[in-house]
**Student:** 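Shown below is the structure under consideration.
Throughout, a chain's letter reflects where its sequence line sits, starting with A, and its residues are numbered from 1.
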Amino acid sequence: MNIFKKTILTVLASLLVIGNVYADKIRIGTEGAYPPWNSKDASGNLIGFEVELAQELCAIMKHECTIVEQDWDGMIPALLMRKFDAIMAGMSITAERQKTITFSQGYATEPATLAVMKGSSLEGMDTPAAINLDRSSSDVKKALKTITASLSGKTVCTQTGTIHQNFLESGDVGSVNVRTYKTQDEVNLDLSSGRCDVALAAKASFIDYAEASGKAVVTVGPNLSGGAFGGGVGVGIRQGGDDAIGKRDAKLLKDFNKAIDKARKKGIISKLAIKWFKDDVSM
Amino acid sequence: MITSFPKLLAATAITLKLLSASLFFGLFLGLFFAILRLNKNKFINKFAYGYSYVFRGTPLLVQIFIIYFGLGQIEYLRTTFLWVILKEPYWCAIIAFTLNTGAYTSEILRSAFQTIKPGIVEAGKSLGISNKIIFYKIQIPIAIRQSLPAYGNEIILMMKGTSLASTVTLMDLTGVAKYIISTTFKPIEVFIVAGGIYLFMTFIIHNVIKYLEKKYSFQ
Amino acid sequence: MELLAFGKSGWGDELFYATLMTIAVSVTAMFIGFFFALIFTPLKLSKHKFLNLIGNFYTTVIRGVPELLVIYLFFFGGSGAIMYVASIFGYYEYIEINAFITGAVAIGIISGAYSTEVFRGAIQSIDKGQFEAAKVLGVNKFVQFYKIILPQMLRLAIPNLSNVWQITLKDTSLISVTGLVEIMRQSYIAAGSTRDPLFFYSFAAVLYLLLTYVSMKLINKLEARYSRGY
């Protein structure tokens, strides 16, 4: 047995670092690039509304938790691969996603909105303050028409694989020239550089960006909810099954639902929402 | 899976467009810098060397990010005519790819020029052919033939490099593959199909270059 | 400059560690690449049709598909494949492969394909007489490869291996997509946080240039040493 062979064996053995099972430890995936939901400070630590909420929920469930960073575009595949057991990443509950994974009850909701740079022709778009796409009143139809007309011929930017992209591609606002980005940070950069005429995202992202960067980003049009925007943000979990892991996932879903109930009653979710959003977005 | 195949094929057209535009501009840029490298003026020579050193010494991903996200943040630039080009992700990608392939091409052509036997140039001179004609009609054709194998490799490297266009919002083959994954959540299958298409393109390029090598061989 | 300050306020220390990470991944990947090359070079040179096919398949596929795609495939498929194998043996838990190993193996497989080509080229340029001499002396094929061919091959291969090193070093920028915090990922995070992408990506470029510059100097020294006696 020479050194060469020994090294190879050691390398092979170290390849299989066996991960901890969720029995007592839950792994929660988040993006770390979607303030104020989740982001990173200058030392690289994960911070944000969901990072703190996750810790509160785990304390209630009496589980040890680790928060795992994951790029948005690989979030659901990574959950399915069992890289982590739950997603808390500002992910809205939508029918589309429910084909693949399941969600806890919603813990927060936040309207989506369009944003432009100051001086854009879209400023002063004449619509109601908020519309809910689940209600097909004449007001909603009129507002969608106004938005359709405003977006036509414009480059509209949004993050890949989000409810915002789904909305733009749903046909509700006609056929839109959509450009998609890996992160919301990149959307913000290109909105302020002028590559994007208009952007669509959660309202708080734009407000947060305008404040932090001092750029003249302004939100326009109505607060959008319902329809393609789904039913609030919840914890994403694998769909349960009959085998050992499936049963465990089903139990995890129940645990999260109970914990969210408790946290809501104690006012923990509202308190965190006000801390991070300066507005009670809890639900 | 079957439904995503036509989408991937359509995206291949964008990949090929990016590739051919970058190779076209890159060849001229490469030739230009190869000629500068052969210049006896030390300053010009160093300048050309610096260009190829910087672009060969840094990852293409960094280059494309600097050009797209970096230059986009310079407010002054946005008031100039350059912004018409830099505003478009398509042109940013082509600029980055062109500068990158230009650097490698200049090295390939330079070494090809240097391997041309001086006797050939002297023969031309003794026949009373002007320097300009010797350069354009004798040296350049020989250099191109000489550099075919290396340039073939460069074409394949660049073809693969175009996959980075997806990082600046372009819907090339990799971009569309990632888009399909964001709706189907089936990464492995989609990447294997996309990989197959890239492999097929490599195969075609490889064989075309081989054919050209044979056709223009000196023997 | 304060953006590069060490400590809590700046990104200096983070970028410094990220640079060390890039070096660590590149070196590990290079060695993993050698390991693959040692397996696949004999296959590629083999007269046995099937073995030859395997060797060619490896180098053709890996060099014909974008690096980014190979990394994505490995990232999404790697632990899935290992977990599948484990499930055959009745183990159903999640198996974590850490980001460093995922990255180093993915880049290593790519680097290995280039190293294989370099080794093959170097072996083919070794004087045929040596093989015959070994045969006449009754040396078996295994010993012939590892004791006679390999040492000579390394000397012939060094100049081209320095190219492979450069490719490997630059390819590590692509594993930023797997979440490993190397130069590119750290610059990306810093650019996002400070909203100054021009500065941080340019600085990343400088770091890579520094790494290529220093490593080329080292390789040149190594080359001079191995060429002693020739």
**Student:** Could you tell me whether K215(A) atom NZ has more than 12 heavy atoms of other residues or ligands within 6.0 Å of it?
**Tutor:** yes
**Student:** Rounded to the nearest 0.5 Å, how far does CG of D190(A) lie from OG1 of T169(B)?
**Tutor:** 7.0 Å
**Student:** Once rounded to the nearest 0.5 Å, what's the spacing between atom OG1 of T180(A) and atom NZ of K178(B)?
**Tutor:** 9.0 Å
**Student:** Take atom CG of N41(B) as the centre, draw a 6.0 Å sphere, and report whether it contains more than 12 heavy atoms from other residues, nucleotides or ligands.
**Tutor:** yes
**Student:** Say you draw a straight line from OG of S193(A) to CG of L77(B); how long is it, rounded to the nearest 0.5 Å?
**Tutor:** 10.5 Å
**Student:** Just to verify, what does E169(A) make a side chain to side chain donor-acceptor pair (under 3.5 Å) with, not counting sequence neighbours?
**Tutor:** Q165(A), Y179(B)
**Student:** Which value, rounded to the nearest 0.5 Å, describes the distance between K87(B) atom NZ and T155(A) atom OG1?
**Tutor:** 6.5 Å
**Student:** Identify, with sequence neighbours excluded, every residue that meets salt bridge (charged side-chain N to carboxylate O under 4.0 Å, His left out) alongside D208(A).
**Tutor:** none
**Student:** Among T160(A), D73(A), T162(A), which one satisfies side-chain contact (heavy atoms from CB on, under 4.5 Å) with S182(B)?
**Tutor:** T160(A)
**Student:** Flag the one option from E186(A), E96(A), K182(A) with the top tally of heavy-atom pairs under 4.5 Å to chain B.
**Tutor:** E186(A)
**Student:** Taking atom CD1 of I181(B) and atom CD1 of I76(A), what is their separation to the nearest 0.5 Å?
**Tutor:** 13.0 Å
**Student:** Looking at side-chain heavy atoms only, is the closest gap between R195(A) and Y68(B) below 4.5 Å?
**Tutor:** yes
**Student:** Any side-chain heavy atom of P89(B) sitting closer than 4.5 Å to one from R179(A)?
**Tutor:** yes
